[in-house]
Amino acid sequence: MKVAHVNQLLSIVLLPFLNLLTAFIVTTLLFLMVGIDPWEAAKILVKGAFGYEEGIGYTLYYTTNFIFTGLAVAVAFHAGLFNIGGEGQAYIGGLGVGLVALGLGALLPAWLLLPLAMVAAAVFGAAWAAIPAYLQAYRGSHIVITTIMFNFLAASLMVYLLVNVFAEPGQMVPASRAFADSASLWSWQEFMAYWGIEFAASPLNLSIILALICCVMVWLFLWKTRWGYELRTVGANPDAAIYAGINPKRIIMLAMLLSGALAGLVAVNELLGVQHRLLLGFNTGYGFAGIAVALMGRNHPLGVLLAALLFGALYQGGAELAFEIPSVTRDMVVVIQGLIILFSGALEFMYRAPLQRWLLRFAREA
Amino acid sequence: MAACALELIQISKRFGLVKANQDISLCVPAGSIHGIIGENGAGKSSLVNIIYGFYQADSGEIRIQGQPIKIQDSKQAIAAGIGMVHQHFMLVEEFTALENIMLGAEGGLLLHEGEQRVRQRLAELSRLYGLEVPLDTPVNQLAVGVQQRIEILKTLYREARILILDEPTGVLTPQEADELFKILRALKADGVTILLITHKLREIMAITDQVSVMRQGKMVAHRVTAETSMPELAELMVGRKLQQSFERLARPTGELLLQVRDLTVYDRQGWLRVNKVNFHVAAGEVVGIAGVSGNGQTELLQALAGILPLSSGEILFAGQTITAQQPSNPARMRDLGMAHVPEDRHRMGLVLSFAADQSSILGYQRADKYNQGWRLEESVIRHEYAERAEQFDIRPRDPLLGSSHFSGGNQQKIVLAREIGAEPSVLLVGQPTRGVDIGAIEFIHQQLMTMRNEGKGIVLVSVELDEIMRLADRIIVMCDGMITGEVSREEANEQILGLLMANALGVGVNEQPGSSA
Amino acid sequence: MQDAWLWLILSLDATLRVATPLIFAALAGLFSERSGVVDIGLEGKMLVGAFTAATVAAVSDSVWLGLLMALLASVGFALLHGFACITHRGNQVVSGVAINILASGLTVVLGLAWFHQGGSTPPLTQHQRFTAIDLPFAQQLADVPVLGLFYSELLSGHNILVYLALALVPLSWWLLYRTRFGLRLRAVGENPKAVDTAGISVAGLRYRAVIIAGVLCGFAGAYLSTAQNAQFIRDMTAGQGFMALAALIFAKWRPWPILLACLLFGFLDAVAVRLQGVSLPGIGLVPVQLIEALPYILTVILLAGFIGKANPPKAIGLPYVKDR
C-alpha cells in the first residue's frame, strides 16, 4: 500500500465514518443520560421515519429542504466561501414566491404561475446572497459575518412585511392570505393518484423532484462545465486561478448567487408545496442544518443527498420519538446535528494523525 | 583562530521526504562575522531556524561556547544568548517599537513596571551601536530599515551574544544595507558573534570574516573570505553537473516575437522589482535570464504572463502593445500565444487537489477543443492527457490520480506538457527543473530544445547557471531588477555570469531601486 | 418636559438592562478574537450559561452556586471550541456554528428531561435570582429635580451583574493595554509567529483567551436567566450573542467602543419596544423592525468600509501552524 492510497482511504472512507460514529456514540451517551434506552429510541426513530407511508412522506419532505440548503452550502464551499446565510436566503426566497403567488395568482394559469414562482424563489434568494457576495468580492468584508447579519436582516424585513403588508386584517397570526389554487404544487398523493397509485397524505410534494434535479444540475455544473471548473479552482488554489486567467471576484459572485438561489428554493417546498401562504419562520433551522448536511456529505451532491435523507429521517423519526416518549423532543435531532457539525466539521482531522501513523506502520509491515 | 562561539556537529533535518539539512557541521569563531551563502532552497533558513529552536533537528548536536546544549524552543535559544533577525520580520506591526521589544521580556506582570528599565537600556544600546529608533511610533509607520533595527534591538535587549541574520538585506535599499553593515561592525567590535545568511555574493565579500557555502542541504565548503573570490563562491553555490550536449539546430533566428521596452514592475507589496528592462525574443532562440533568485526574474515573468500589472514601459507581442494603460491578463496572453510554466508549480502551476487530467487543462479550460456547448469534453480531455502522458512519460499514467500524488518531476511534466501542448509562439519557463530528479531534467531540457528547434521563442528563467548555459542562445543577467549585462552563448562562462550576477560592473548604481533619489 | 425627561431616563434604564448581556458577550468575543480565535459561538455559550444558572439556582436554591456552575459550563464549551480550533486546527467558524446548534438543542433536551416543562426550567423565587440593589439614599433623593430621577431610576436599582458588566469594561481595557498578559494576547492575534519566536506559547495564550471568553459568556447567560428573567426559556438568547458579535465588530475590537456600541444597540432595542404602535408626529408609525435591525445594518455598512475601516486582528481565524 502506497502513501497516496493510505491517504485516499483515510480521507474518503475511514475518517468520515469515524467522525460520524463519534457523533452517534456521543448521542447514545446523551440518551442514556436522560434515561432513555438508545436501542428502543433508535427503533422508534427508524420506524417513524421509514415504517409507514405517511412517515416516509414526511421524511422525504424534510429531505427536500435539506437538499436545497445542503447544496447551497456545498456550492459556496467549493469556491472557498462559507455561506452561513442560507437561513435568510430561504426566507427571502419565500418573499419572491409570495409576491408572485399573491400578485399574479388570479391572473396566470398554473403552468405559467408555478415556474414563475420557482424562478422568483431562486432569484430572490440569489439577490439576498448577492449583497454579501459583492461586499466580499469587491470590498473585502468577511462573508461569514455579513451573511450572519443578513439572516437577522431577513428576519426583520419579513416580520415587518408580514405584519404591515401581507397580514390579513383581523388575523392574529402574521401570515398572508392563502395563495390561489393555481399556485399550489401537486402533493405526492395527488401526483401518485394521477398515475393511479395510492399514497398516504403527507407534506411531500413535487418539490422533491426539483431537489433531485438540483442535485444533478449542481453535479453537472461543478464537475462537467468550465464554470464549475473555474469555481473549484478558485476555491482550491486562488493563486493558480489567477495564473489560469480566472477572475476570483466574478467567481465569488457566481458561487454566492447560485448558493442563494438554491437556498431560496426551500420556499418552493414550504410555501408552494405545503403552506400555500406566506408565513413567519417557515425557514427556521433549515439553513443551519444545511451546514451539517454539506459537511457530512463532503460537499458532493450525492453525499448531500444521502446526508439530507439521514437528516430528514432524523427530523421525522425525532418527531415520532417526541410523540412516543414525552420526555424527548425533536430538539434531540438538533443536538445530533450539532454533534455532526462538530465531529465531521470542526474536529474533522482529530483522528487523522494517529490513524495515518497506524496505517502507515501497518502498510510497511504488510 | 578564536574558539567557536557556536558549533554545529552533524545536524540533519528532513521535512517529509525532503532532506533540508544533511550532516551540517560548522564552527563560528567568537567575535567574528560568519557568512552562510547558498541558493534559495539550499537549506540555509531551516538550518538557522534549528539553531533558534524554531525547528528541532532530527540528529546532531549544537554547542554554545563549547558546551553542548539542547534547544527545544525559542525560549531556550534566547536564554542561551542567541538572537535572530528573521528574513520576514517578527514584529507586531500595530505595536510600537517599545512594545515589540518588550514582548516576551516585559519584566513584570504590569507593563509599566518594566517600561522605564527598557527605555533606559535601549537608550544605552542605541548610543553604543548607533541604533536610533523612535520608540513610540507604531512599527507599520516606520521604514523597513528602522524595523530591522528594532529587530536587532530586540535581540540585544535580551543580551544576545550570538546574532543570526537571515537574508537581512533582501528588503533594504543599498544605503540602508550600508547602515546595517556599520551596525554589524560595531557589534563585532563589542565581541558579538554574527552569523549572516545571504544569497548575495557582494555582501559576503563586503562584511564577513569567513564564509560557508551550502548547496542542496549540504555544507559544501568553508573559506576565509579574504582568500576567496566571487566567481569561486558562485561556482561553489551553483555546483557543476555533467553536461551532455544535444542536438541544437544551427539556424538563423527568425522574426521578432516578443519585445520588451523599459518595462517597470512593482510587486504586490509595492516594491520595485523590475526596473526599466529592455530585451527581445526572436523565433528559434532561447533567451536565458540568469541571476541570483529574488532579483526581479519572478516579477518579470509574471508581468509577461499578464499576472502582474505593468507600472510603465511596454510589451509588444503578437501585434499587440501592452502598457500600464492598456493592461492585459493571463487569459488574453494565452490567447495571443504565450504559454507559461510558472516558477512554483505547487502555488500556481497545478491545483494539487485536482486529478491530473483536470490540472492538465488549467488555464485552457475555456479552449474550444475542451468544450462542447456548456459541457467540458471529459473524453477529449482524458484522451489528450493520455497522449501527453505517453509523450512526456508521466508516471504513473493514471489520469484520475490526484495531482499532489505525483513526484516533483512528473508534476513538472504535467505542467510542461500542458503549456507546450498549447502550441504557443513564445513559452515562458521559470525554474523548469527545480525539485526535479535528474532523469526528468534531461527530458525537460530535451523538450525545450525541440521547441526551440521548431522555431518557437523561449524565455528561460533559472537560478541554475549550468541549465542556462546549456539551453540559452543568449543570456541576460539580472541584478536588483535591472539587466546588468547580456552575453551570447559562445561568450558565456561562469566567471562572467558570476560577475554580472553580482553586478560587479556597477550597472545603474546611481539609480538603485528604492532609493529616494 | 418632565415627561420627556422621565421617558428618556426610563429608556436609558431599559437600555442598560438590555445592554448588560451584550457587554459581557462582546467582551468575551473581544478576548477570544483579539487572540486570533473567531468566536461565532458566543450565542451558544450564553445559552448554556443561562440554562445552567437557572437549573442550578432552582435545584440548589443558591443563585451564586448557579452563577458559578454557569461559568464552568460555559468554559466547558469554550474549551471544546479551543480543542477544535487550537489543538486540532479545525475551522473556527464551523466550530462556532456547532457550539451554537449543540447548545440550542442540548439545553432543551436536558431541560425537558429534568423538569418536564417544555424545555423551560422552574420559575425562580426572588432569593434564587439576582435582584435590584438600591444605591444609598436612592429613595430619599428621588424627589430632587432632574438629578434625583437620574440617580434613583437610572443609576440605582440594578442587580449586581449590571454593575459588574460596567466595571468589566475598564478592567478589560486595563488588562489588554496595561498588563503583560494583554500585550501578549494582542500580539498573538496579530502575529502569532512573532509571539512564538519571542519564546511564548501561542496555544497557551489562546487557550487562556478562550477560557476568559467562556467565563464572560457564563456571566451573560446567568444574567439572562437569573437576573433579567426568573427562569430559563428555550432559545432565550434570541440572537443576542450575534448582536454582541456585531457590537464587537462595530467597536472595531476595542473595549470602550464596545461599551458604547452595546449601549447604542441596547438603546435601539429599548426604543423599539417603546415605539411599538406609537405614531410619532410628522413621521407616523415607525417600523419597529427597522430600528431592531439597525445594529446589523450599521455593522454591515461598517464592514463594507463606509464608516471608517474595521481592522480585525490580522491573524483572526487562522490556525497557527509553523511553516512546512
Side-chain angles (χ1 to χ4, degrees), chain A residues 30-31 33-36 82 84 131-132 134-135 138-142 144-146 148-161 163-164 285 288-289 291-292 295 322 326-350 352-353, chain C residues 38 40 44 80-81 83-85 87-114 116 118-119 234 239 242-243 245-246 249 285 287-300 302-306 310 312 316-317:
Chain A
L30 187 66
F31 271 109
M33 199 176 140
V34 295
I36 296 164
F82 201 162
I84 305 197
I131 308 168
Y134 175 83
L135 293 176
Y138 295 92
R139 302 200 66 100
S141 326
H142 206 296
V144 166
I145 305 291
T146 47
I148 289 176
M149 301 291 138
F150 267 70
N151 283 339
F152 287 102
L153 292 179
S156 293
L157 179 66
M158 291 302 283
V159 170
Y160 173 78
L161 291 175
V163 170
N164 295 294
F288 285 114
I291 298 170
L295 285 172
S327 60
V328 174
T329 65
R330 223 169 61 180
D331 296 275
M332 194 55 128
V333 177
V334 179
V335 176
I336 299 175
Q337 193 178 313
L339 290 170
I340 288 177
I341 298 181
L342 183 71
F343 290 107
S344 297
L347 284 168
E348 189 182 2
F349 303 125
M350 182 163 62
R352 175 136 91 188
Chain C
V38 172
I40 303 279
L80 189 62
H81 188 50
F83 181 68
C85 303
T87 305
H88 287 289
R89 303 187 187 110
N91 185 314
Q92 302 178 359
V93 174
V94 173
S95 169
V97 170
I99 280 170
N100 286 336
I101 294 180
L102 208 50
S104 143
L106 209 50
T107 49
V108 179
V109 166
L110 292 179
L112 195 84
W114 292 340
H116 310 291
R234 61 179 301 159
F242 292 109
M243 178 76 79
L245 195 66
I249 296 165
L285 265 179
V288 175
Q289 290 79 18
L290 179 65
I291 306 178
E292 281 173 350
L294 262 182
Y296 303 116
I297 297 176
L298 288 174
T299 305
V300 168
L302 177 92
L303 275 170
F306 294 117
I316 195 164

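All figures in this text were calculated on a predicted structure; none of them were measured in a lab. Throughout, a chain's letter reflects where its sequence line sits, starting with A, and its residues are numbered from 1.
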Rounded to the nearest 0.5 Å, what's the gap from [atom1] on [X] to [atom2] on [Y]? Could you check?
X: A/Leu30; Y: C/Leu110; atom1: CG; atom2: CG; answer: 6.0 Å
X: C/Met243; Y: A/Met149; atom1: CE; atom2: CE; answer: 9.0 Å
X: A/Ile148; Y: C/Asn100; atom1: CD1; atom2: CG; answer: 8.0 Å
X: C/Gln289; Y: A/Asn164; atom1: CD; atom2: CG; answer: 6.0 Å
X: A/Met33; Y: C/Leu106; atom1: CE; atom2: CG; answer: 7.0 Å

Below 4.5 Å from any heavy atom of chain C, which atoms of [X] appear? Answer side chain, backbone, both or neither.
X: A/Leu339; answer: both
X: A/Ile84; answer: side chain
X: A/Leu342; answer: both
X: A/Phe150; answer: side chain
X: A/Phe288; answer: both
X: A/Asn151; answer: neither
X: A/Val144; answer: side chain

Q | Contact check, side chains of A/Val34 and C/Val109, non-hydrogen atoms, under 4.5 Å | A | yes
(Q) Ignoring hydrogens, what is the shortest heavy-atom contact between C/Val94 and A/Ala346? Give both atom names and the distance. (A) CG1-N, 3.5 Å
Q) If you count heavy-atom pairs under 4.5 Å with chain C, which of A/Ile340, A/Thr146, A/Thr329 comes out on top? A) A/Thr329
Q: Determine the interplanar angle of the A/Phe152 and C/Phe242 rings, folded into 0 to 90°, and report it as parallel if under 30°, tilted if 30 to 60°, perpendicular if over 60°.
A: tilted
Q | Sole candidate of C/Val300, C/Leu245, C/Val93 that passes side-chain contact (heavy atoms from CB on, under 4.5 Å) when paired with A/Ile145 | A | C/Leu245
Q.
Counting only non-hydrogen atoms closer than 4.5 Å, does C/Leu80 touch chain A with its backbone (N, CA, C, O), its side chain (CB onward), both, or neither?
A. side chain
Q. Where does C/Leu290 contact chain A at under 4.5 Å (heavy atoms): side chain, backbone, both or neither?
A. neither
Q | Top contributor to chain A contacts, counting heavy-atom pairs under 4.5 Å, from C/Arg234, C/His81, C/Glu292 | A | C/Arg234
